[in-house]
Amino acid sequence: MKNTKYPNIVEFEVTGDYALFSDPLMRVGGEKSTYQIPTYEALKGVLSSVYWKPTFVWIIDAVRIMNPIQTEVKGIRPIKYHGGNDLSYYTYLKNCRYRVRAHFEWNENRPELEGDRNENKHHEITKKMIRKGGRRDVFLGARECQGYVEPCVFDEGEGAYDDREELEFGLMYHGITYADEAYSEETKGKMTVRFFRPVMKKGIVTFPRPEECPFHKTIGEMEIKAFGTEEENFLGLKEFGEVN
């Protein structure tokens, strides 16, 4: 049954030959291994590549795993920080196909953009951009994993795990709360990492909202980027004669 709790729900399918979903804190170097399912943050990144503005925040409601979970190990020659190349083994997901349901909510940390809070406008633009395949390149967790987006009906079609009652994946990275998306006094002026324990039921993983995640860890102080007046924002372009 379609979720009608939010009027600005969008549904799309994202596919790719490979994906690498992992905790970004573990990507500093060396071996990299993917989670078995997409992270909340990775899917939010996919949707942000389709369409995003600081006026609102994307909330990922659920993901449906359409293809069997398969992995493939590849030998990679990453560039070392101090020059030269190294040899590492990366574990990717392969033959990936996911259906995503999401909605947006106004970013209350951006009162200066209140004049842009036109729900119908942003909803229609998002649906158009999904049909077009997105405004920017889409990646499935890592830059080398190209993704492709198209419209879909979340509940239609057959998925590989529709008959699987329940499958747990243990503790998993959910996402990062940046200062301009803070939702509590504890997250204001901070960068916070979130974790949760996903459970797939009938092929669907329902994500908790960021503030509902059971585990949070502050990793540093962070200031909200301030937007100036329209004249200040376009000052650099005026110098080049690109804005009248």
Side-chain angles (χ1 to χ4, degrees), residues 1-6 9-27 31-48 58-74 89-103 138-142 144-177 192-217:
M1 181 179 296
K2 186 172 181 178
N3 186 339
T4 57
K5 182 178 179 181
Y6 302 100
I9 284 281
V10 294
E11 297 178 343
F12 64 92
E13 182 171 280
V14 57
T15 58
D17 293 335
Y18 294 96
L20 200 165
F21 304 114
S22 63
D23 185 338
L25 299 180
M26 303 300 292
R27 288 190 182 180
E31 313 299 319
K32 299 179 184 179
S33 183
T34 184
Y35 286 120
Q36 294 174 292
I37 58 174
T39 63
Y40 178 100
E41 192 73 15
L43 295 176
K44 183 179 176 185
V46 168
L47 196 45
S48 295
W58 281 116
I59 303 295
I60 307 300
D61 299 310
V63 61
R64 186 178 174 203
I65 314 302
M66 302 300 291
N67 287 353
I69 298 171
Q70 305 175 74
T71 60
E72 181 176 321
V73 178
K74 292 186 176 185
Y89 287 99
Y90 292 5
T91 303
Y92 295 90
L93 290 168
K94 67 177 183 179
N95 190 23
C96 305
R97 179 174 166 231
Y98 309 107
R99 289 190 174 179
V100 182
R101 175 183 288 150
H103 71 279
V138 172
F139 308 110
L140 289 173
E144 67 267 27
C145 301
Q146 183 76 39
Y148 304 92
V149 169
E150 61 183 83
C152 76
V153 177
F154 187 85
D155 295 319
E156 288 186 354
E158 295 184 3
Y161 299 95
D162 292 351
D163 297 328
R164 185 69 178 261
E165 288 297 328
E166 189 171 294
L167 182 61
E168 298 184 6
F169 295 95
L171 185 66
M172 181 174 171
Y173 165 77
H174 185 275
I176 296 177
T177 299
T192 307
V193 182
R194 311 181 304 269
F195 298 88
F196 76 124
R197 297 184 184 277
V199 177
M200 181 174 69
K201 298 181 179 180
K202 300 283 189 179
I204 297 174
V205 176
T206 301
F207 291 105
R209 295 173 58 88
E211 63 270 23
E212 295 173 351
C213 285
F215 308 105
H216 299 77
K217 181 176 178 59

With heavy-atom distances below 4.5 Å as the criterion, would you say the side chains of [X] and [Y] are in contact?
X: F21; Y: T34; result: yes
X: C145; Y: F139; result: no
X: D17; Y: Y92; result: no
X: V193; Y: Y173; result: yes
X: W58; Y: V10; result: yes
X: V73; Y: T71; result: no
X: I65; Y: P38; result: yes

For [X] against [Y], the heavy-atom pair lying closest together:
X: Q146; Y: L140; value: O-CD1, 4.4 Å
X: P210; Y: H216; value: O-NE2, 3.4 Å
X: E41; Y: I176; value: OE1-N, 3.2 Å
X: S22; Y: L20; value: OG-CD2, 3.5 Å
X: I69; Y: L93; value: CG2-CD2, 3.8 Å
X: A19; Y: C96; value: CB-SG, 3.6 Å

Test side-chain contact (heavy atoms from CB on, under 4.5 Å) applied to V14 and V63, V46, L47, the passing residue
V46
Mind checking the [atom1]-[atom2] spacing from [X] to [Y]? Nearest 0.5 Å is all I need.
X: K74; Y: Y89; atom1: NZ; atom2: OH; value: 14.0 Å
X: R64; Y: M200; atom1: CZ; atom2: CE; value: 11.5 Å
X: I60; Y: L43; atom1: CD1; atom2: CG; value: 5.5 Å
X: Q70; Y: Y18; atom1: CD; atom2: OH; value: 10.5 Å
X: F215; Y: L171; atom1: CZ; atom2: CG; value: 6.0 Å
X: R209; Y: D61; atom1: CZ; atom2: CG; value: 8.5 Å

Step by step, would you call F154 with I204 a side chain to side chain contact (heavy atoms under 4.5 Å, CB included)?
CA-CA 10 Å; F154 187 85; I204 297 174; 3.8 Å; yes
Run the salt-bridge test on [X] and [Y] with the 4.0 Å N-O cut-off and return the result as yes or no.
X: K201; Y: E165; answer: no
X: D155; Y: R101; answer: yes
X: E11; Y: R99; answer: no

Check whether F207 forms a cation-pi arrangement with K44 (NZ or CZ under 6.0 Å from the six-membered ring centre, at most 45° off the ring normal).
no
More than 12 heavy atoms of other residues, nucleotides or ligands under 6.0 Å from CD of E158: is that the case?
no
Could you label the plane-to-plane angle of the Y40 and H174 rings as parallel, tilted or perpendicular, counting under 30° as parallel and over 60° as perpendicular?
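Parallel, since the angle between the ring planes stays under 30°.
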Give the C-alpha distance, both sets of side-chain angles, the deciding distance and a yes or no for side chain to side chain contact (heavy atoms under 4.5 Å, CB included) between Q36 and L167.
CA-CA 11 Å; Q36 294 174 292; L167 182 61; over 6 Å; no
Hey, are E144 and Y90 close enough side-chain-wise for a donor-acceptor pair under 3.5 Å?
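Checked: Y90/E144 side chains show no N/O donor-acceptor pair below 3.5 Å.
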